[in-house]
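These notes concern the structure reproduced below.
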Number of protein chains: 2
Amino acid sequence: MEVIDNDELLSIRAAELYYDENKTQDEVGAILKLTRWKVGRLLASAKEKGFIRIEIVHPRARRLILERSLTERFALSDAIVVPTAGTHGADDLRARAAQGAADYLASLRPVPRTLGISWGRTLHDVAERLTEGWATGVNVVQINGGVSVNQRAGTAAATAFEIARKAAGQATLLPSPAILERRETKLSIEADRTVAGVLNLAASASAYLYSAGVAGSDSALVESGYLTGADVDELVRRGAVGDVVGRYIDAAGMIVDPSLDERTVGMSLDALRSAATSIAVIAGEGKHAVARAVVTSGLCTVLVTDEGTALDLLNPDFPA
Amino acid sequence: MEVIDNDELLSIRAAELYYDENKTQDEVGAILKLTRWKVGRLLASAKEKGFIRIEIVHPRARRLILERSLTERFALSDAIVVPTAGTHGADDLRARAAQGAADYLASLRPVPRTLGISWGRTLHDVAERLTEGWATGVNVVQINGGVSVNQRAGTAAATAFEIARKAAGQATLLPSPAILERRETKLSIEADRTVAGVLNLAASASAYLYSAGVAGSDSALVESGYLTGADVDELVRRGAVGDVVGRYIDAAGMIVDPSLDERTVGMSLDALRSAATSIAVIAGEGKHAVARAVVTSGLCTVLVTDEGTALDLLNPDFPA
DNA sequence: GCCCTTTCTGCTCATATGAGCAGCGGGGCG
DNA sequence: CGCCCCGCTGCTCATATGAGCAGAAAGGGC
């Protein structure tokens, strides 16, 4: 057949015959007039130089190399990275990450006795994607105050109930607004026996699952009426990149507005940081900054995210 | 590790470990608690279902499957399809196709004694990409009238000279305008001994290499001043899809305007159709229609094109 | 021009993979 | 309830592939 001398080109021809035409290395050798060992070596060099790209196209595929890099770089105990390929829109991506989180949760060993969760669209998606009987006897407890002001009331509760039901466990809600107007109110509600009991239960959970919001006017906290768009703008001006369990943090993972934080009901971030297992599900173009803040400040031990966010986190421009 | 029952998902996990992490099927089996045979079968099914995509990323890679389909569908003796991936803009794609044509020409056996060529940007690119000494003693002859009216004068000649020089052969130019104003002039110039001699030589060439132009005001024939934009618009109105060696054809490969054709100097399309080896290099989004006309009307025995055009040609909406 | 070093080639042998087959088990049917 | 059929499992064995090595070739310094 063709006589080419250039080795690189030859390796490409060999690769075409081997992979596209699936011939054996012997056959390729016969066609290109090479020994099969030479063909093997050419193929190896083509792989080496990255000319051969093997991609696994499936919505539930994962990016193991990225996962390993993330766990190493940010000292996580685990990372799940779902592929972006074929995804259309932020909703689709969030759904994939949620699926990943659901799969991870189901495979988590030891099975947590009590699981502390936050709420939001992402958590809702996770709940939806858990299979019936994903575990048995897992009790679920909310770790931050729920939605209650507007029509979205109930989604937070529904998420908790769904996760618990599918694991044949109990759900415990945190019967409190997410953010109160006065610090005193917050202190007294926390002191209430019911609320205090839930908070204690939350503090003793064996694992946590939460997401993070972007600091912007489309935030769930704004939609739910706890904050105004102007409040959030001000937080952004002061360096907020997003919120975790209702608490706004800056790029370093620090509370942006301590006085606001004192009016927020739920687990403190420091409590979350000292948890043995805390799973953060953060995916989407817009969440790169929050994701970075979360992983660099040690807020989670496990990160579930998408390829794009993972690549951004591993971007060498930001040394870990 | 994880315990998943769904077979599809399992095959994806196996594929990740096998391809991304390059573990052996045995190791994958150990991780997923499966026998290595089961792993092999899962991998096979994943390939089967198309979840594993192996791509060869290299500018000079080819698409052998498409090539085979083209040769079969259009009864070509050969087809070269270059990948579109990573290409930016029509120029880039044309360059790749030109490279493909140059490679093909160099590997053509038997080596043509005389090669008839047309001219244009594509042919220029091919000439540029041929390696010095791509063959020995190949004489080149122009098969249609050259550029001569404006500043681009000479490129047609340069293309012929370059191809010939690199093969240590002679170049013979066709010393005539591409299109004349009056039929009589065309007839008398063709009768001239010099021109007639070149045309005879062209007719006896052992192989031909040409490209095709799109019927539009950016056509080389317009740029060179042989036709006006209005002329071309009229041709398009009458069904022209593009030109081959200066002659405008419709979707069926028929001459659109016989009176114009009678004023065009060079090989007739029928002569081209009866050639044993005629290589058409036609690539780019805009050239799908001409490419189709060329292959369906039997104008070439070998087609060099890009992936996009090939896919369009194989589109089942147009039965061959 | 000669010799030494470095790279490349084609081999042997160990290992990984795929084809084909017998046995098992579960579901449907009498 | 038992039987049969189909599909799945885990095997044996043949084949394909990759590691490692010895000899060949090529290139460079003197």
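In the text below, chain A, chain B and the rest are named by the order of the sequence lines, each starting its count at 1. Below, all heavy atoms of this structure are taken into account, side chains as well, without hydrogens, waters or symmetry copies.
Regarding A/Leu10, its CG atom lies at a distance of 10 Å from the P atom of C/dT9, rounded to whole Å. Whole-Å rounding puts the A/Asn22 CG to D/dT15 P distance at 18 Å. One atom, NZ of B/Lys47, and another, P of C/dT17, lie 10 Å apart when rounded to the nearest Å. Summarising the geometry, the separation between CD on A/Glu48 and P on D/dG18 is reported as 13 Å, rounded to the nearest angstrom. Protein atom CD of A/Gln25 is 13 Å distant from nucleotide atom C1' of C/dT17, rounded to whole Å. As rounded to whole Å, 12 Å separates atom P of D/dG10 from atom CZ of B/Arg36. When the P atom of D/dA14 is taken as reference, atom CG of A/Asp26 falls 18 Å away, rounded to whole Å. Straight-line distance from the OH atom of B/Tyr19 to the C1' atom of C/dT17: 11 Å, rounded to whole Å.
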* Worked check of salt bridge (Lys or Arg N to Asp or Glu O under 4.0 Å) between A/Glu162 and A/Lys166 -> CA-CA 6 Å; A/Glu162 189 168 8; A/Lys166 288 182 171 170; 3.2 Å; yes

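In the set D/dT17, C/dG10, D/dC11, D/dC11 carries the atom at the smallest distance from any side-chain atom of B/Arg41. Comparing D/dT17, C/dT9, C/dT17 against the side chain of A/Lys38 picks out C/dT9 as the nearest.
Within a 6.0 Å radius of CD in B/Glu132, other residues, nucleotides and ligands contribute more than 12 heavy atoms.
Each of A/Tyr18 and B/Leu34 lies near DNA chain D, and the nucleotide nearest B/Leu34 is the one positioned closer to the 5' end.
One can find a donor-acceptor pair under 3.5 Å joining the base of D/dT12 and the side-chain atoms of B/Trp37.
B/Leu105 has its side chain within reach of B/Ile279: a pair of non-hydrogen atoms, C-beta onward, lies under 4.5 Å apart. Side-chain contact check for B/Arg94 versus B/Asp125: some heavy-atom pair is nearer than 4.5 Å.
Contact check, A/Thr35 against C/dC11: no side-chain N or O comes under 4.0 Å of OP1 or OP2.
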